[in-house]
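Notes to accompany the following structure.
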Amino acid sequence: EFRRVLFRSLERESSRAEILLDKGISLIALSRFEEALAAFDAVAKDTPGPSVLVNRASALIGLKRYEDALADSDAAIAGDKNSAEAWHNRASALAGLRRFADAIQAFDKALTLRPGSAAGWINRGNVLMSLTRYDEAITAYAKAITLDATYVYAYFNTGLCWIMKGEYEEALIWLQK
């Protein structure tokens, strides 16, 4: 992701805001959330909007500042009700706040808008696992695997669900994948 964003900036004539936005996205990919947030704050001064808020929310989630991430996600949704990323960030912030039922609803909205998001299905599964709804979590992880068979967490978390259900042989199959 980092390389893709970097090369996109280099290949086109980019405005200052676009360069800072790309920089922030790259910094998130490197888990440098404070620096990413600073880049997005600089963009917001020049070019506020839903896209900046979505990216700020991602950085805030990385910093575990879930209330702030929720506020930015809600503001992004107010500006673009069809932003799957904003709904995904809203769900992630709600999960961080342990508001799991609300998080499921937000993930459902995000996945309605972007059903091909393996990360969305994984994160929905994680919330379902937190609610001890293991069969539903397994179904969500299976959907993620269908979309991206290289997503290791989907296999691992499926195995964890089987362990929690007391199905150790089935768990072992998934944990060995």
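By convention here, the first residue in the shown sequence is residue 1. Excluded from the calculations below are hydrogen atoms, water molecules and symmetry mates; all remaining heavy atoms, backbone and side chain alike, are included.
Atom CG of Leu53 is separated from atom CD of Glu85 by 13.0 Å, given to the nearest 0.5 angstrom. Atom CD1 of Ile77 and atom NZ of Lys109 lie 9.0 Å apart (nearest 0.5 Å). The line from CG of Leu21 to CG of Asp46 is 11.5 Å long, rounded to the nearest 0.5 Å. Rounding to the nearest 0.5 angstrom, the gap separating the CD1 atom in Ile25 from the CG atom in Leu20 is 11.0 Å. Note that CG of Asp22 is 11.0 Å distant from CG of Leu27, once rounded to the nearest 0.5 Å. Expressed to the nearest 0.5 Å, how far CZ of Arg32 lies from OG of Ser26 amounts to 10.0 Å.
In this structure, Trp87 contributes its side chain and Lys81 its backbone to a donor-acceptor pair below 3.5 Å. At least one donor-acceptor pair closer than 3.5 Å links the side chain of Asn89 to the backbone N or O of Val54.
A pairwise comparison of heavy atoms in His88 and Gly120 identifies CE1-CA, 3.5 Å as the closest pair. Among all heavy-atom pairs drawn from Pro115 and Trp121, the shortest one is O-NE1, 2.9 Å. The heavy-atom pair separating Ser73 from Arg90 by the smallest distance is OG-N, 3.4 Å. Across Gly125 and Ala137, no two heavy atoms sit closer than the pair O-CB, 3.4 Å. The two residues Ala103 and Ala95 have their closest heavy-atom pair at CB-N, 3.8 Å. Listed here is the closest heavy atom pair of Ala69 and Ala93: CB-CB, 4.0 Å.
Taking 4.0 Å as the cut-off between side-chain N and carboxylate O, Asp68 and Arg56 do not count as a salt-bridged pair. Using a 4.0 Å cut-off between charged side-chain N and carboxylate O, Arg124 and Glu136 make no salt bridge.
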Does the side chain to side chain contact (heavy atoms under 4.5 Å, CB included) test come out yes or no for Lys64 and Tyr66, once each step is laid out?
-> CA-CA 5 Å; Lys64 299 185 183 336; Tyr66 300 119; 3.4 Å; yes

Worked check of side chain to side chain contact (heavy atoms under 4.5 Å, CB included) between Gln105 and Leu94 | CA-CA 10 Å; Gln105 289 179 343; Leu94 289 165; over 6 Å; no

With side chain to side chain contact (heavy atoms under 4.5 Å, CB included) as the test, would you mind laying out the steps for Lys23 and Glu35 before giving the verdict?
-> CA-CA 9 Å; Lys23 177 183 177 183; Glu35 293 170 81; 6.0 Å; no

Criterion side chain to side chain contact (heavy atoms under 4.5 Å, CB included) on Asp135 and Lys165, from CA distance to verdict = CA-CA 9 Å; Asp135 290 327; Lys165 289 173 53 114; 2.3 Å; yes

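Partners of Asp80 by side chain to side chain donor-acceptor pair (under 3.5 Å), not counting sequence neighbours: none found. Taking the side chain to side chain contact (heavy atoms under 4.5 Å, CB included) definition, one finds that Lys177 meets it with Tyr155, Ile173, Trp174, sequence neighbours left out. Every residue two or more places apart in sequence or in another chain that forms a side chain to side chain contact (heavy atoms under 4.5 Å, CB included) with Ile28 is listed here: Phe33, Ala36, Phe40, Ser58, Ala59.
For CZ of Phe100, the number of neighbouring non-hydrogen atoms (other residues, nucleotides, ligands) closer than 6.0 Å is greater than 12.
Met164 and Ile138 are assigned to two separate hydrophobic clusters, defined by single-linkage of ILVMFWY side chains at heavy-atom distances under 4.5 Å. Leu131 and Leu160 are assigned to two separate hydrophobic clusters, defined by single-linkage of ILVMFWY side chains at heavy-atom distances under 4.5 Å. Using a 4.5 Å cut-off between side-chain heavy atoms of Ile, Leu, Val, Met, Phe, Trp and Tyr, with links allowed through other members, Tyr153 and Tyr134 fall into the same hydrophobic cluster. Cluster membership for Trp162 and Tyr151, using ILVMFWY side-chain heavy atoms within less than 4.5 angstrom, is not shared. At a threshold of 4.5 Å between side-chain heavy atoms, the hydrophobic network of Ile, Leu, Val, Met, Phe, Trp and Tyr places Leu111 and Leu147 in one connected group.
Shown are Leu172, Leu175, Thr158; of these, the side-chain contact (heavy atoms from CB on, under 4.5 Å) with Ile163 is made only by Leu175.
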